[in-house]
Amino acid sequence: MSSYAPEKTDLFSFGLWTVGNPGRDPFGGPTRPVQNPNHLVRKLAECGAWGVNLHDNDLVPFDASASERDSIVAEFKATLEDSGMVVPMATTNLFSHPVFKDGAFTSNDPKVRAFAIRKTMDAIDLGVELGAKTYVFWGGREGTEADACRDPRTAVKRQREAMNFLTSYVKDNSYDLCFALEAKPNEPRSDIYFSTTGHMLHFISTLEHEEMVGVNPEVAHETMAGLSFPHGVAQAMEAGKLFHIDLNSQKIGRYDQDLRFGSEDPKQALLLIRLLEGTCGGERYSGPRHFDAHAYRSEDEEGVWDFARGCMRTYNILKEKAQAFDADPEVRELIASEQDEALEQLTRSYSSENAAALRTQKIDASAIARKGLGYERLDQLMIEHLLGVR
Ligand code: GLT
Ligand code: MN
Ligand code: MN
């Protein structure tokens, strides 16, 4: 059995905003001091993480002058260098400043939309300067309470215009950067546009440079919507669009909890890791394993590092369990599907001959229906692997 200690090759990353979360919630102020980004990077390196992600304003304050920006960035680059950490992903804060109270790219005010695009251009420059290869878009404020304020189709068009402008900006600057769109159904808005990964996948297919744009699904966000996270991720993978992933944990029907990875949903987390690590077949996901989560509000700084180590350790424990589950001969036997090459040939693609031949096939629906599938046994095996008795 391995020690489950994180290795650089695990590609574990955390946002500055995750381990830097001071424990604020809508009903109470911070319970921990705000930490310096350079300190967070050094501590993440000590914990065994590989990468650190950031919003523009996690590092450079909203109102910093150009020279302040440059000296902050220079110090941060030196810290990355010293600690051996990388910045795989960057993003823009388009939600904290009150100017974005009614959205950024979808706001009704053209000045707000222009400001959002300009802020994102600057933040893309910053991300690229720090080495980021993926740029995340989370439209937290792109939504409504009073839904009559705009035609939702206008919001879709405005979001498309912004994506087309910004992908062209990236190309024009010859940046090696792709975009990953992150969905969320609600919070902080009552209803957020493009509420699930599925909505995003279709939207991407309508963009000018769709090859540059994929998704960044988050466990908590799809779970809030009551959906299966592994199914959403699988659809993104099958479409070649899983460009990034936000790992955390969430109870269904709650506010966005962003809990320590695997803490509430070990079975769903195991199903997810089977996909990401390719233990159930198919291609392995080769991108960053990003933990977009934070420590409980009850914790002090030590608790924050317990939280960060916990995310990575749980991932590696579940990875071992996924490998063992998928290599278990009893599991393999239960999921081995029936083969009937001649029959499958007929339905693989349409022709009038195939359709006619299909009509002549003997298929005994009643006999098939009588046969049990053994899924109770299969699921029990998964539980036994999870509980450590197999
Ligand atoms: C914010 C949000 C996350 C997003 C981040 C990127 S910021 O914390 O809750 O889900 O991924 O903007
Ligand atoms: Mn997220
Ligand atoms: Mn979240």
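Atoms within each ligand, like the ligands themselves, are counted from 1 in listed order. This is a predicted model, so every value here is computed, not measured.
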Worksheet item: Under the criterion side chain to side chain contact (heavy atoms under 4.5 Å, CB included), which of Met237, Met200, Gln235 is the partner of Val215?
Response: Met200
Fill in: Reference residue Asp58; test side chain to side chain contact (heavy atoms under 4.5 Å, CB included); the match among Thr18, Leu16, Thr91
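Testing Asp58 for a side chain to side chain contact (heavy atoms under 4.5 Å, CB included) against Thr18, Leu16, Thr91 leaves exactly one candidate, Leu16.
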Worksheet item: the Mn ion (ligand 3) as vertex, arms to NE2 of His221 and OD1 of Asp256: angle to 10°?
Response: 100°
Practice prompt. Please lay out, stage by stage, how Glu182 and Phe137 fare under the test side-chain contact (heavy atoms from CB on, under 4.5 Å).
Written response: CA-CA 6 Å; Glu182 178 177 346; Phe137 289 84; over 6 Å; no
Worksheet item: Out of His221, Glu218, Arg260, His290, which residue meets the side chain to side chain donor-acceptor pair (under 3.5 Å) rule with Asn248?
Response: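 Going through the options one by one, the only one that passes is Glu218.
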Atoms in ligand 1 with a heavy atom of [X] nearer than 4.0 Å:
{"X": "Asp246", "value": "11 (O)"}
{"X": "Glu182", "value": "3 (C), 4 (C), 10 (O), 11 (O)"}
{"X": "His221", "value": "10 (O)"}
{"X": "Asp256", "value": "9 (O)"}
{"X": "His55", "value": "5 (C), 6 (C), 7 (S), 12 (O)"}

Item to complete: Give the name of the N/O/S atom in Asp258 that lies closest to the Mn ion (ligand 3).
Response: OD1
Worksheet item: Taking the six-membered ring where the residue is Trp, are the ring centres of Phe62 and His55 under 6.0 Å apart?
Response: no
Discussion item. For a distance under 2.8 Å, tell me if Asp292 has an N/O/S atom near the Mn ion (ligand 3).
Written reply: no
Worksheet entry | Check: Ser3 main-chain N/O paired with Arg313 side-chain donor or acceptor under 3.5 Å |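 A pair under 3.5 Å: yes.
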Discussion item. Could you check whether any side-chain N or O of Ser249 sits under 3.5 Å from a backbone N or O of Glu264, counting only pairs where one atom can act as donor and the other as acceptor?
Written reply: yes
Identity of the N, O or S atom of [X] lying closest to the Mn ion (ligand 2):
{"X": "Asp246", "result": "OD2"}
{"X": "Glu218", "result": "OE1"}
{"X": "Glu182", "result": "OE2"}

Worksheet entry | Atom pair NE2 (His294) and CG (Leu259), whose distance is rounded to the nearest 0.5 Å | 7.5 Å
Worksheet item: Polar-atom distance check: Glu218 versus ligand 1, any N or O pair below 3.5 Å?
Response: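 Checking ligand 1 against Glu218, an N or O pair does fall under 3.5 Å apart.
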Practice prompt. Let me see the working for Asp56 and Lys119 under salt bridge (Lys or Arg N to Asp or Glu O under 4.0 Å), right down to the final yes or no.
Written response: CA-CA 9 Å; Asp56 49 354; Lys119 188 176 195 288; 2.8 Å; yes
Worksheet item: Which residue supplies the protein heavy atom nearest to atom 3 (C) of ligand 1, what is that atom called, and how far is it?
Response: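 Nearest protein contact, heavy atoms only, for atom 3 (C) of ligand 1 is Asp292 OD2, 3.0 Å.
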Worksheet item: Please state which protein non-hydrogen atom is closest to atom 1 (C) of ligand 1 and give its distance, to 0.1 Å?
Response: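 Of the protein heavy atoms, Trp138 CZ3, 3.7 Å lies nearest.
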